[in-house]
Number of protein chains: 2
Amino acid sequence: MILKSPRTVKSSQSLPDPTAQSESFRANREARRKVLVEDYVELISDLLEESQEARQVDIAARLGVSQPTVAKMLARLVADGFVVQKPYRGVFLTEAGQKVAEEARARHRIVEAFLRALGVSEESVLVDAEGIEHYVGDETLAAFKRAIDGGLHDFINRLVTR
Amino acid sequence: MILKSPRTVKSSQSLPDPTAQSESFRANREARRKVLVEDYVELISDLLEESQEARQVDIAARLGVSQPTVAKMLARLVADGFVVQKPYRGVFLTEAGQKVAEEARARHRIVEAFLRALGVSEESVLVDAEGIEHYVGDETLAAFKRAIDGGLHDFINRLVTR
DNA sequence: AATATAATATAGCTATTGCTATAATTAAGG
DNA sequence: CCTTAATTATAGCAATAGCTATATTATATT
Ligand SMILES: [Mn+2]
Ligand SMILES: [Mn+2]
Ligand SMILES: [Mn+2]
Ligand SMILES: [Mn+2]
């Protein structure tokens, strides 16, 4: 499977097909609704692995939000069946929660590895991956993986050294 | 400047430095607050270029939201000084609005071109770029540009054909 | 066991982003 | 000009995501 040369690919118009465009925006509003769930559940999973507990105060400190904000969000995650709370002992993940956490972490790590391979600094990798991860579809994720495995890194090196 | 081999780069821990992590989340909440402004203003600019007018109904159709939703958002964009309204003649961009639109469009196009160069399908490019564009920092954007200019495309082709 | 500390809960507020239903207004066509 | 159709405005509602201030409760320490 050979890609067409970029020169022969018709450059994108300013305005895509109206239906395609509105579907894109819809898909992104949908993705935006899942961002907090993914970030919380992934973080809870990380905290549990590191210290066997995930308390509201730790979550709040890691996210940079207040404890009542976390309390409210956890109530939603409980209602959605992703976490369970042990009173004054923090929260734990349900099966469903663990599944979301693992998928989120896998995506997150691939995006991070990809940005690193592109030569982005560690600080920018941290910040940008935290946002980008939520908007990378399966196909794009696969392309990122290919690029990492395939040795994008060496390629960049070759470019950088002329 | 030669990059270290990926094998020698210490794999990222599950949990980054707490301060760095909370700063990442803060930065992303900040970025999230700008998403709608960027999407609206860029779309208005595109509509104006295409048809010399940008009406609420057209914007609503393109975004896949209701007209009152657009009306409310336009009030905010007017208050923020990005657009002006001509009654029953749609909206137009101020100088500030045009600047935001041009920057947003430039970023959007680079992200699209980059995903295309990676071999992502046109549909996925449309959807994913619409989200990713808002979370790509200057440094990552520069890396995308380098990769496009540098001939990432040919590199992918080489990979794909073994 | 009493107390101090840490953790969580709750109340009450604000801003944002969406919706439906309906009213009001303007622009266009006859 | 008058009417109709298109466009915009407005009212009222809901969900989400944040905040501060304060109360409550559990855990840990003495
Ligand atoms: Mn993540
Ligand atoms: Mn994230
Ligand atoms: Mn855009
Ligand atoms: Mn966008």
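Just so it is clear: chains get the letters A, B, ... in the order the sequence lines come, proteins before strands, and each one is counted from 1. Nothing here was measured: the structure is a model prediction, and the numbers come from that model.
- Here salt bridge (Lys or Arg N to Asp or Glu O under 4.0 Å) pairs that include residues 51-70 of chain A, with residues two or more places apart or in two chains, are A:E53-A:R55.
- Residues meeting the ring pair (Phe, Tyr, Trp, His ring centres under 6.0 Å) test with B:F25, sequence neighbours left out: none.
- A donor atom on one side chain and an acceptor atom on the other are not found under 3.5 Å apart for A:S45 and A:Q98.
- By the 4.0 Å N-to-carboxylate-O rule, A:K99 lies too far from A:E95 to be salt-bridged with it.
- Between A:L63 and B:R26, every side-chain heavy-atom pair lies at or beyond the 4.5 Å cut-off.
- Contact of A:Y88 with D:dT25 (side chain to base): a donor-acceptor pair of N or O atoms is detected under 3.5 Å.
- Between the CD atom of A:E53 and the C1' atom of D:dT27 there is a distance of 12 Å, given to the nearest Å.
- The ring pair (Phe, Tyr, Trp, His ring centres under 6.0 Å) test applied to A:F144 returns A:F114, not counting sequence neighbours.
- Within the structure, the side chain to side chain donor-acceptor pair (under 3.5 Å) test picks out the following pairs touching residues 28-44 of chain B (sequence neighbours left out): B:E30-B:R33, B:E38-B:R107, B:E38-B:H134, B:D39-B:H134, B:E42-B:H108.
- Between the CD atom of B:Q56 and the P atom of C:dT26 there is a distance of 14 Å, given to the nearest Å.
- Of the candidate nucleotides D:dT10, D:dC19, C:dT10, C:dT10 has the atom lying nearest to any side-chain atom of A:A71.
- Distances were taken from every side-chain heavy atom of B:Q67 (C-beta onward) to each of D:dC19, D:dA9, C:dT8; the shortest belongs to D:dA9.
- At the phosphate of D:dG18, neither OP1 nor OP2 sits under 4.0 Å from any side-chain N or O atom of A:S66.
- In summary, B:E49 and B:R105 engage in a salt bridge, as defined by a charged side-chain N under 4.0 Å from a carboxylate O.
- Residues of residues 23-37 of chain B having a heavy atom closer than 4.0 Å to DNA chain C, listed by number: B:L36.
- Remark: B:I148 CD1 to B:L118 CG distance equals 9.0 Å, nearest 0.5 Å.
- Toward the 5' end of DNA chain D, the nearer of the two residues A:T69 and A:P87, judged by each one's closest nucleotide, is A:T69.
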Measure all distances between protein nitrogen or oxygen atoms and nitrogen or oxygen atoms of nucleotides 28-30 of chain C, and list the pairs falling under 3.5 Å.
unit_1, atom_1, unit_2, atom_2, d
C:dA28, OP1, B:R89, NH2, 2.9

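- Closest-nucleotide positions on DNA chain C for A:G90 and B:P68 were compared, and the one nearer the 5' end corresponds to A:G90.
- The NZ-C1' distance, from B:K86 to C:dT25, rounds to 19 Å in whole Å.
- Nucleotide C:dA7 holds its C1' atom 13 Å from the CG atom of A:L74, rounded to whole Å.
- At whole-Å resolution of the value, CG in A:L47 and P in C:dA7 are 13 Å apart.
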